[in-house]
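In what follows, a structure is listed as structure tokens, so that the remarks can point back to it.
Proteins get letters first, then strands, A, B, ... in listed order; numbering begins at 1 in each.
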2 protein chains.
Amino acid sequence: MGSASNGRKIPEPTLARLHRYQVVLRKLCRAHETTVSSERLGDEAGTDAALVRKDFSYFGCVGQRGVGYEVEGLLAALQGTLGPSEPRPLVIIGAGPLGTALAGYAGFEMLGYELVGIFDSNPARVGHHLRGIRVRHTNELPAAVVGTGVQLAILAVPAARAQEAADQCGQAGLRGLLSFAPVHVKAPPGVKVRQMDVSGELEILNYQLKCGMTAGPLPFGTNSTG
Amino acid sequence: MGSASNGRKIPEPTLARLHRYQVVLRKLCRAHETTVSSERLGDEAGTDAALVRKDFSYFGCVGQRGVGYEVEGLLAALQGTLGPSEPRPLVIIGAGPLGTALAGYAGFEMLGYELVGIFDSNPARVGHHLRGIRVRHTNELPAAVVGTGVQLAILAVPAARAQEAADQCGQAGLRGLLSFAPVHVKAPPGVKVRQMDVSGELEILNYQLKCGMTAGPLPFGTNSTG
DNA sequence: CTTTGTGAAATTTTTCACAGCG
DNA sequence: CGCTGTGAAAAATTTCACAAAG
């Protein structure tokens, strides 16, 4: 058991699941459940019991053998790994429909984020208020970064502006970008970019529907040399 | 070349990239470029030349050695693999801010999708028009599925309603769901579900910022027994 | 000479299986 | 017993390296 909690390299797929466990655990917490087994957790989070345990092994084990995991303890451990207890500032770039919808998303607070700014390069949008926050011009971003220490931004701008906006974010000192633009954005130096590709996901879904997921045994057979 | 174009099992990561190549190719097409190398394509799509070639090998090779890929031919091949040439119907479930923003997303048409319906279980929202489409009550969904042959839906409902809505979609006869809810949705029988987890992505970004991508050695030291 | 197509190696991630603790 | 923690096996994916084609 020695290797747990070394806290070194958590695989990305694990990170993606860690957040889902958190969501499930919060629900269990509200339902006043005290313990949960890896099987139940896997079931509710859409993964597998073994994978749940493996995932937890990356950041320290909090389970009791024969019983399961203590819901609160596990939640605390997860929050310690994923996010700090203090709210993390966050800005949204782009005050179009998507930026507006995201600004209205109440879930950020629950997750420990605090929306501290909304920026748009279109002067016509500057000055409007979304969720009590005044939309500022993009050229005010650097000052806001310095002022709030914000590191993360959601990029909700049209494809044509995405790279430009990402570069501005990088220059302003932001460190992480979550882009909704349906184009690949090259990461500015020192910036980590993740893409949220709606249309790409639709295409995958569509393809998988087209072939391969008709209920029943998979009709694989065409096994050429490969 | 023998094994290519069997068209059977394309890995999911490849599918995700295929769409990005499509985006780049369309751009090149507009710029009247006739050929493109795997290196260039990889660069613009955010992957690697070797991976580009490997990806294409799954669905047939269209490249000319020494030259590259014919932009139009490749685009046609991709569109043939990913989506059909006729528009695919699509519905949005949930007419809240996110559903509204998505309804306004002009990119769907470009990708060959046609938004044929918006549904909401809240009677207060029924009757409004988004992008020229009347919001209908969720209980009209089954009829719409039969009428349009739609298979895909985007789920833009609150977490608390997500599972319920997914089940309704399944019963209505939909086959693929793209969910924006920040909870895991169990796939109803015969339905393929993909999740678009905004907060999860933010958490990953935040974690990767916290540790691992500061240039230089990681400042971990706490190496407990576990 | 350039660039593709592709086996084979390397790497990453998941699944398995079971020892060990409560 | 039941359930966790974890090495080892398996599977999936990416990277490498190079032969073959234009």
Side-chain angles (χ1 to χ4, degrees), chain A residues 1-18 20-21 25 33-71 73-74 77 204 208 212 218 220 223-226, chain B residues 1-18 20-21 33-71 73-74 77 204 208 212 224-226:
Chain A
M1 45 189 65
S3 70
S5 175
N6 289 342
R8 238 5 181 75
K9 198 203 56 175
I10 301 186
E12 206 165 276
T14 294
L15 286 172
R17 287 187 297 265
L18 247 36
R20 299 225 295 243
Y21 301 146
L25 286 167
E33 307 243 10
T34 55
T35 59
V36 63
S37 67
S38 57
E39 190 175 355
R40 167 111 187 259
L41 201 44
D43 189 51
E44 303 232 4
T47 60
D48 181 69
L51 195 45
V52 169
R53 297 198 296 272
K54 183 65 96 182
D55 283 343
F56 289 160
S57 78
Y58 286 111
F59 75 110
C61 330
V62 207
Q64 275 188 83
R65 303 186 188 210
V67 181
Y69 298 86
E70 197 201 329
V71 173
L74 188 50
I204 295 176
Q208 293 184 338
L218 294 192
F220 275 116
N223 196 344
S224 69
T225 44
Chain B
M1 41 195 65
S3 70
S5 177
N6 290 342
R8 242 359 187 84
K9 200 202 56 174
I10 300 185
E12 208 165 272
T14 294
L15 286 172
R17 288 187 296 264
L18 246 35
R20 299 224 296 241
Y21 300 145
E33 308 244 10
T34 54
T35 59
V36 64
S37 68
S38 56
E39 190 174 357
R40 167 110 188 259
L41 201 43
D43 189 52
E44 303 233 2
T47 62
D48 181 69
L51 196 44
V52 169
R53 296 198 297 272
K54 185 63 99 181
D55 284 343
F56 289 161
S57 78
Y58 286 111
F59 76 108
C61 331
V62 206
Q64 276 188 84
R65 302 186 190 211
V67 181
Y69 298 86
E70 197 201 328
V71 173
L74 188 50
I204 295 176
Q208 293 184 337
S224 68
T225 42

[X]: side-chain contact (heavy atoms from CB on, under 4.5 Å) partners, not counting sequence neighbours:
| X | answer |
| --- | --- |
| A:D48 | A:A50, A:L51 |
| B:E39 | B:S37, B:A49 |
| A:V62 | A:L74, A:A77 |

Check whether any side-chain heavy atom of A:V36 lies under 4.5 Å from a side-chain heavy atom of A:E44, and answer yes or no.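 No, their side chains stay 4.5 Å or more apart.
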
Would you say the side chain of B:V71 lies within less than 4.5 Å of the side chain of B:T34, judging by non-hydrogen atoms?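 No. Closest side-chain heavy atoms not under 4.5 Å.
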
base_contact_polar (C:dT4 base, B:R65 side chain, donor-acceptor, <3.5 Å): yes

Results of side-chain hydrogen bond (donor to acceptor under 3.5 Å, both in side chains) for A:Q64 - residues two or more places apart only: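 For A:Q64 there are no side-chain hydrogen bond (donor to acceptor under 3.5 Å, both in side chains) partners, ignoring immediate neighbours.
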
With sequence neighbours left out, what residues match B:E12 under side-chain hydrogen bond (donor to acceptor under 3.5 Å, both in side chains)?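 Result, side-chain hydrogen bond (donor to acceptor under 3.5 Å, both in side chains) vs B:E12: A:Q208, B:R194.
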
What nucleic acid atoms does B:V62 come within less than 4.0 Å of, heavy atoms only: base, sugar-phosphate, or nothing? sugar-phosphate

Write down the distance between CD (B:Q64) and P (C:dT4), rounded to a whole number of angstrom. 11 Å

Considering non-hydrogen atoms only, spot the tightest contact between B:R20 and B:T47 and give its length. NH2-CG2, 4.1 Å

Kindly write out the residues that satisfy salt bridge (Lys or Arg N to Asp or Glu O under 4.0 Å) with A:E33, not counting sequence neighbours, or none if the list is empty. A:R40

Listed once per pair and sorted, the salt bridge (Lys or Arg N to Asp or Glu O under 4.0 Å) pairs that draw on residues 52-62 of chain B, sequence neighbours left out: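 Only B:R17-B:D55 qualify under salt bridge (Lys or Arg N to Asp or Glu O under 4.0 Å).
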
Do any of residues 37-44 of chain B sit with a heavy atom less than 4.0 Å from DNA chain D, and if so which? none

Take nucleotides 11-17 of chain D nucleotide by nucleotide from the 5' end and write B, S or -, depending on whether a protein heavy atom sits under 4.0 Å from the base, only from the sugar-phosphate, or from neither. --SSB-B

Which ranges of DNA chain D pair up as stems, where a stem means three or more consecutive Watson-Crick or G-U pairs with both distances under 3.5 Å?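 DNA chain D forms these stems: C:1-22 with D:1-22.
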
